[in-house]
Every structure is written in structure tokens, then in C-alpha cells.
Amino acid sequence: MRSFPSDFLLGVATAAYQIEGAVHEDGRKPSIWDVFCHTPGHIENGDNADTACNHYHLWEHDVRLMEELGIEAYRFSVAWPRVIPDGRGQVNQQGLDFYRRLTDALLEAGIRPMITLYHWDLPNALQEAGGWQNRSTADAFAEYADVVLRTFSDVVDLFITLNEPWCATVLGHAFGTHAPGIQDLRAAVAASHHLLLAHGKAVGAFRANARSSAKIGLTNVLTHVAPASDSERDEAAAHRMDGFLNRWFLDPLFRARYPAELEAAGIGAWVQPGDLECIASPLDFLGVNYYQTSIVQDNPNDALLGAAVLPPSGNLTEMGWEVHPEGLQAVLQRVSKDYGPIPIYVTENGAAYPDVVTQGQVHDQNRIEFLSQHLQAVSEARKNGADVRGYFVWSLLDNFEWAKGYTPRFGLVYVDYATQQRIVKDSGIWYRNLIQQREL
Ligand code: IFM
């Protein structure tokens, strides 16, 4: 039996662009994702997030749902294009007011808010000036962060600067499968440094102005990387892949330097004196999102890393990702050992499955098993010394899964997008019981 102490937070997570909709309301201006979605060919089925889960209007209902499920903490993101629609300058009070209403309602319901400042929705006006390839976007972010932190740090005590900068960098600027849709490794390398610099500057603003009991961290998506065999070549390939997938966004944060793989990719061209010290400003916690393990083989034909990830096998989710809870345990222990001691929140973990509604219910036993196994992995990592303080299911609601549109469903709550009806899945009921009993 595994048990979770009463101060271990059991929560759920969402992100603004994936649930809010109302993209033209109350002064919000377009983000890079609005532009990306409305460019044909980018999103499966031609989907967009103009309405998404209509959470901008249904937020009270959604808070009530969380209250009924006994959710202890809610991680959501603030949309920069609602708060400073042009990216810099004029603050839009209506945008701040929305998040103030939401935060007040959460607190009243006894749910602890955790705010992510950047979950990929860069104001498009900034993209027109070069986006994350432009160093001054880091200053724009620090200004925006300061507005949000000053407004909310009286009542919110957990803040995250960036969500998964690896995805914003690699999917957005190297692979081009996410906004802003650029395919250029050099652009990605520049963007990664400016994202991290933005983080460091925001932490500086936080330390200057936020109440001292509030905490700030950054969320990385981390992959457990293992060699396909114990040959030296595969081990070296796995090490290079780990540099690309994990250490790119861990070493600068915790060691004030980039890994050798990034030095080789020319990151030094973007680094100015003092940047790395700023990026490595001490964090109060690290957010870890975990979805995948990568088994890596040496591959001399791969121009970038000389390494290849083997196709996932075994028990797969609808995203094609292998269910591998041991990877979560390994990632938590590795981060604690190599970069700790540091408090950790698992800020996202979850699975998409092709859910069906049967007589008003969704029987998602596969998701219950997935969550249960991953929570056991968290418990095991805690036993082995990782200082994990909470776990957030991705996600509260089915929502807009970026380039995959609405097909993958990650929620504990099913969303009928035509009617906006919410149906609590069996996994939602299971999670409510877990929170009550605190035992697996
Ligand atoms: O939906 C995303 C989320 O926005 C960031 N982390 C991974 C999730 C599932 O792909």
C-alpha cells in the first residue's frame, strides 16, 4: 500500500490556450498560436482553439467541478495576450480581472492555485519583432511577469515561469510542428537561450517584489533516456540524446552552463556576460512533466546527434507514447541526485485514450491504471529520497491538444465540444476517492 501525506498536493493542470476560448474577447489580441492554427495544414482536422472548452465563460462551473472532485491544487496558465495584448506596454485590466475572479473562486473553494506565466501563447506582436529569437523578448517577458506576480503574489504562493521550454524551442523553432512553425536549428538555439534568460529575469522580478512566502520554479518536460544496449556506442548515443532532451534545460538552470552538445550547436553566440548567472538564479522548486521514455541507439546516419530513438513498443497511449511509469521514478531520482536537493512538483502527467460516452458515463479504466502506476512511481521515488511535494494530473478537462487538435482526450472530465457539457470520467471519480483516502 502507498500513502500520500496530507501535505502532498494532489492537483490537476490545464493551460490557457488549450481551454479558454474567447480569443477575441475583453481586449485579448492574437498569440502565435492563433496565427498558427489559422494557417491551413498546421492542425489536424483544421481544428483551432477559438472556443476550446469555453472555460473563459464556464470557469465558475469548472471550479465547482474541481471542488466536487476534492481537487487540492489547480495549475493553470495566464495568457500573456490577455494581460498585455501587444506583448509590451499597455496592461489590459480586463485580462487581469478574469484571473483575479478565477483565483478568488479557487481560494474560496479551498483549492490552491498554481500559476504558470508562459504556456506557449506568445503575443503575436512580439513574434512580428522576431519572437524568442529576439533577445528583447526576454525583457518583455520580465515586464509581463512582474505585472502578474505583483497582482497575484498576495494570494497565490506557487508560480511557474515557463512551461516546457524544450517544446517551445524544439517543436516551435526546429521541427516547426508547433507555433511559430519555424524549422531552423540555429533559430531554436537562439530561442532557447532567450527563453531561459526570460525565466531568469522573471525570477529576479519575483525576488524583488513578491511576498517572501511565495515560491517560484520552472517546469521542464523530462524524458527518461536509456541506451538500447550496454555497448559503449549506445551508451554514448544515449548520453548525447540526454543532452538534447534534458540537460539543455537543466544544466543552465542548476549549473550556470550549457551542456557540450549545445556548445557544439553554437549557443555561445547568443550568451552575453551575466546571462548564465541570471538563468541560474536559485529556484524554490522544479516542475517536472513526464510522459515518455526514450530508448536510444547509436546511429552514424543521424546528422544532429548520431543517435536514434527506437520506436516505442508495448502498451501505448493514444499519443503513441509507451506507458512506462518506471521512467517517471527514474527521472525524479535522477533530477534529485544530479541537480538537487530540490523540492519537486510533478506538474503534469497523464494519458490520452479514445474515450467513449456510454449512457452518460465514461469508463476509462486504462487511464485509472496509468495514473495509479505513475503515482506508485512517485511514491517509490519519494521513498528513495526525491523531495516530491505534489502531483498534477494532465488534465482536468479534455482540451485542445495543440497540433493534434481535439482528438486526443487527456481529461479526468470529458468535454462534449458541441454542447460544452462536462462528464466526469471514471478516472475523475477514482481521483476523488484517492484524494479522500490518500492511499493507493
Ligand atoms: O497538452 C500538453 C501540455 O500543453 C504540455 N505538456 C504535454 C501535454 C500533452 O501533450
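Just so it is clear, the model here is predicted, and its values are computed rather than measured. Atoms within a ligand are numbered from 1 in the order they appear, just like the ligands themselves.
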Return yes if a side-chain donor-acceptor contact under 3.5 Å exists between [X] and [Y], otherwise no.
X    : Y    : result
N163 : N289 : yes
S77  : H119 : no
S294 : T223 : no

Check R82 with E25, please: is the shortest side-chain N to carboxylate O separation under 4.0 Å? no
V335 pairs by side-chain contact (heavy atoms from CB on, under 4.5 Å) with which of N220, V388, L222? L222
Provide, line by line, the atom pairs where ligand 1 and the protein bring an N/O atom each to a distance under 3.5 Å; else say none.
{"residue": "ligand 1", "atom": "1 (O)", "partner": "Q18", "partner atom": "NE2", "Å": "2.9"}
{"residue": "ligand 1", "atom": "1 (O)", "partner": "W394", "partner atom": "NE1", "Å": "3.3"}
{"residue": "ligand 1", "atom": "1 (O)", "partner": "E401", "partner atom": "OE1", "Å": "2.6"}
{"residue": "ligand 1", "atom": "4 (O)", "partner": "Q18", "partner atom": "OE1", "Å": "2.7"}
{"residue": "ligand 1", "atom": "4 (O)", "partner": "H119", "partner atom": "NE2", "Å": "2.8"}
{"residue": "ligand 1", "atom": "4 (O)", "partner": "W402", "partner atom": "NE1", "Å": "2.8"}
{"residue": "ligand 1", "atom": "6 (N)", "partner": "E164", "partner atom": "OE1", "Å": "3.3"}
{"residue": "ligand 1", "atom": "6 (N)", "partner": "E164", "partner atom": "OE2", "Å": "2.7"}
{"residue": "ligand 1", "atom": "6 (N)", "partner": "E348", "partner atom": "OE1", "Å": "2.5"}
{"residue": "ligand 1", "atom": "10 (O)", "partner": "E401", "partner atom": "OE2", "Å": "2.6"}

Determine, stepwise, if the pair N54 / T51 fulfils side chain to side chain donor-acceptor pair (under 3.5 Å). CA-CA 5 Å; N54 199 18; T51 307; over 6 Å; no
